[in-house]
Amino acid sequence: MLDIKFIRENVELIKKAAVDKHIACDLDRLIEVDKNRRQLQQQLDALRTQVKEDGQRVGLLRNPKSTAYKAEIEQGNSEADIRAEAERLQAGLSELKPKMKALEEAEGPTLNEFEQLMLTIPQPPALDVPVGKDETENVELRKVGEPRRFDFEPKDHVTLGAELGIIDIERGVKLAGTRNYILKGDATLLQQAVLRFAQDLMVQRGFVPMTVPVLVKEEVMYGTGYFPSGRDQAYLCERDTLSLVGTAEVPLTAYHTDEILAEADLPIKLCATSTCFRREAGAAGRDTYGLYRIHVFDKVEQVIVCGNGEEESLKFHHEILQNAEDVMQALGLPYRVVNVCTGDLGMGQVQKFDIETWMPSRDGYGETHSASRFHEFQARRLKLRYRDGARKVRFCHTLNNTVIASPRVLIPLMEHYQHEDGSITIPEALRTYMGGRERIERV
RNA sequence: GGAGGAGUGGCCGAGCGGCUGAAGGCGACGGUCUUGAAAACCGUUAGGCGCGAAAGCGUCUCGGGGGUUCGAAUCCCUCCUCCUCCGCCA
């Protein structure tokens with residue numbers, strides 16, 4: 001959410017942002033509703049002032065001990081006069097009631113529409129975000145590591161997993177439908193190793209590990225910007241008006257909702273390992289093969305809540321990106337970093353850097369991480385604030401990035417480290433989490 | 001799930017129809033004092049929205065929503081949360 005004052009003064013900028021981001025919003029209507037809203041408030045405020053002042057005077061005139069009453073007596077007014085004055089004021093106020101009621105009834109829907117519209121206004125992207133229609137126009141920033149050249153015909157992760165007896169997609173689908181899977185034996189251990197390794201690295205870097213709810217209230221989904229527009233991507237437990245989160249970013253970012261933090265508390269660095277649930281609505285037919293695009297997965301996520309400043313935000317954006325790159329480097333996987341273009345940005349994101357990891361079976365890079373910064377966008381929705389040095393209340397900035405998501409990362413991991421016989425080398429960084437073993441082999 | 005009790009400012013706690021956005025205390029911040037610190041004393045210390053260049057002014061908010069009333073933190077309805085006891089249970 002943006003500041004309505006900012007919106008009023010930057011209508012054209014935001015219209016352009018909406019076009020570039022492919023987000024539908026009715027800015028003209030918002031401006032109009034905002035105008036109505038302020039007008040109604042001014043009228044109501046004036047009436048309320050009168051009701052308050054006169055109403056209070058009625059009370060005073062009815063109380064012989066009040067100074068106002070005594071003043072009336074001193075001015076030579078009789079008790080009857082004073083009583084009459086009170087009656088007169090009260091009658092006048094009674095007449096005001098229908099007028100106020102009418103205004104209040106107009107204000108309700110206006111406020112409601114105002115809030116709905118405000119939720120649809122996108123955050124303008126940073127200046128160095130490339131304008132583009134979709135992910136094909138993301139701009140590569142750098143490549144790290146070389147895709148491995150095989151001297152044999154490499155297998156894909158599905159084949160490797162099936163032959164090793166550690167990935168069972170068929171039965172996953174049997175139990176839960178398309179885009180489901182079952183990890184078994186060493187794949188389960190490998191996934192847990194990867195998650196634990198990633199979490200340990202984050203803890204080492206000062207992030208507080210958390211266990212968070214994955215089934216959250218709607219307001220949390222709205223607050224982080226996933227609702228209303230992404231509602232069809234979430235699994236809803238409608239009976240309980242709760243939603244399954246698609247990422248731990250949601251509960252982590254919302255952790256300090258409706259609080260005013262001390263500046264000394266910032267930056268707040270949190271991470272959580274959680275299961276993530278995604279409907280993948282609208283992705284029918286896309287990435288249907290293997291473990292790439294699935295409904296349920298586990299992820300370690302990192303979130304930073306920092307002070308309100310462009311520079312600070314940028315600094316932390318690079319920090320969370322670096323954290324993820326360090327994980328990939330420790331795993332020895334080749335990847336590249338892309339500057340995500342406007343058409344592929346979410347509505348709250350100022351800028352997003354994706355890490356795409358080399359996946360031999362795709363003969364290309366596939367997204368494994370997504371590092372975003374939001375400025376105040378989420379903080380405003382969540383009422384996530386702090387008091388600065390001048391004791392002024394300001395909105396925080398928020399950022400987040402994947403640390404590692406599995407099983408997607410098992411794709412490059414298994415494929416990159418495979419041997420001709422179908423066994424897989426366990427990268428060194430993970431061995432302590434795999435009982436010191438060096439290889440996954442068929443048992 | 002059943003039966004009771006309670007929700008007031010950063011915290012504790014008064015108020016139970018009218019000059020109460022809210023006494024008092026604690027904490028925090030600023031100042032006086034002090035060689036420094038403590039103590040003592042003085043002062044400041046809610047957020048949202050609107051108007052305004054600003055100072056400031058207005059309004060809303062005492063768990064949320066609705067109602068009664070000229071007037072509600074105070075009365076009524078409803079929902080939520082927390083605590084205690086009982087039941088069930090990983």
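All values below come from the heavy atoms of this structure, side chains included, with hydrogens, waters and symmetry mates left out. Within every chain, numbering begins at 1; the chains are lettered A, B, ... in the order of the sequence lines, protein sequences first and strands thereafter.
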[X] near the nucleic acid: base, sugar-phosphate alone, or nothing, with a heavy-atom cut-off under 4.0 Å?
{"X": "Ile260(A)", "result": "sugar-phosphate"}
{"X": "Lys383(A)", "result": "nothing"}
{"X": "Arg385(A)", "result": "sugar-phosphate"}
{"X": "Arg387(A)", "result": "sugar-phosphate"}
{"X": "Gln41(A)", "result": "base"}

Mapping Lys217(A) and Arg37(A) onto RNA chain B by nearest heavy atom, which one lands closer to the 5' end?
->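 Whichever sits nearer the 5' end wins; that is Arg37(A).
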When the nearest nucleotide of RNA chain B is assigned to Asp45(A) and to Val393(A) on a heavy-atom basis, which residue is associated with the more 5' position?
->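 The residue closer to the strand's 5' end, by nearest nucleotide, is Val393(A).
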Under-4.0 Å salt bridge between Glu312(A) and Lys315(A) =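 No, no charged N to carboxylate O under 4.0 Å.
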Is it true that Glu32(A) and Arg29(A) make a salt bridge, defined as a side-chain N closer than 4.0 Å to a carboxylate O?
->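 Looking at Glu32(A) and Arg29(A), the cut-off is met.
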Pick the [atom1] atom in [N] and in [M], then give their distance to the nearest Å.
{"N": "U45(B)", "M": "A39(B)", "atom1": "C1'", "answer": "22 Å"}
{"N": "G15(B)", "M": "G2(B)", "atom1": "C1'", "answer": "34 Å"}
{"N": "A46(B)", "M": "A28(B)", "atom1": "C1'", "answer": "14 Å"}
{"N": "U59(B)", "M": "G5(B)", "atom1": "P", "answer": "38 Å"}
{"N": "G56(B)", "M": "U68(B)", "atom1": "C1'", "answer": "36 Å"}
{"N": "C89(B)", "M": "G63(B)", "atom1": "P", "answer": "37 Å"}
{"N": "G27(B)", "M": "C79(B)", "atom1": "C1'", "answer": "34 Å"}
{"N": "A53(B)", "M": "C80(B)", "atom1": "P", "answer": "46 Å"}

Taking a pair as Watson-Crick (N1 to N3 plus N6-O4 or O6-N4) or G-U wobble (N1-O2 and O6-N3), both under 3.5 Å, which stems of 3 or more consecutive pairs involve RNA chain B?
->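 Output for stems: B:1-7 with B:80-86, B:10-12 with B:24-26, B:27-32 with B:40-45, B:46-51 with B:56-61, B:63-67 with B:75-79.
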For the student: nearest non-hydrogen atoms of Ile404(A) and Ala198(A), plus distance | CG2-CB, 3.6 Å
Write down the atom of Tyr181(A), the atom of Phe297(A), and the distance for their closest heavy-atom approach.
->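 For Tyr181(A) and Phe297(A), the tightest heavy-atom pair comes out as OH-CA, 3.7 Å.
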Within-4.5 Å side-chain heavy-atom neighbours: [X] and [Y]:
{"X": "Ile426(A)", "Y": "Tyr417(A)", "result": "no"}
{"X": "Ser313(A)", "Y": "His375(A)", "result": "yes"}
{"X": "Lys299(A)", "Y": "Arg408(A)", "result": "no"}
{"X": "Gln302(A)", "Y": "His369(A)", "result": "no"}

Quick one: side chains of residues 207-220 of chain A, donor-acceptor pairs under 3.5 Å with protein atoms, not counting sequence neighbours, listed by atom name and distance.
residue, atom, partner, partner atom, Å
Glu218(A), OE1, Arg231(A), NH2, 3.0
Glu218(A), OE2, Arg231(A), NH2, 2.5

Extract, from 5' to 3' on RNA chain B, the first and final nucleotides lying under 4.0 angstrom from some heavy atom of chain A.
->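 From 5' to 3', the first and last contacting nucleotides are G18(B) to G71(B).
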Dump the intermediate steps for side chain to side chain donor-acceptor pair (under 3.5 Å) on Tyr235(A) and His295(A), then the final yes or no.
-> CA-CA 10 Å; Tyr235(A) 286 103; His295(A) 287 309; 3.1 Å; yes
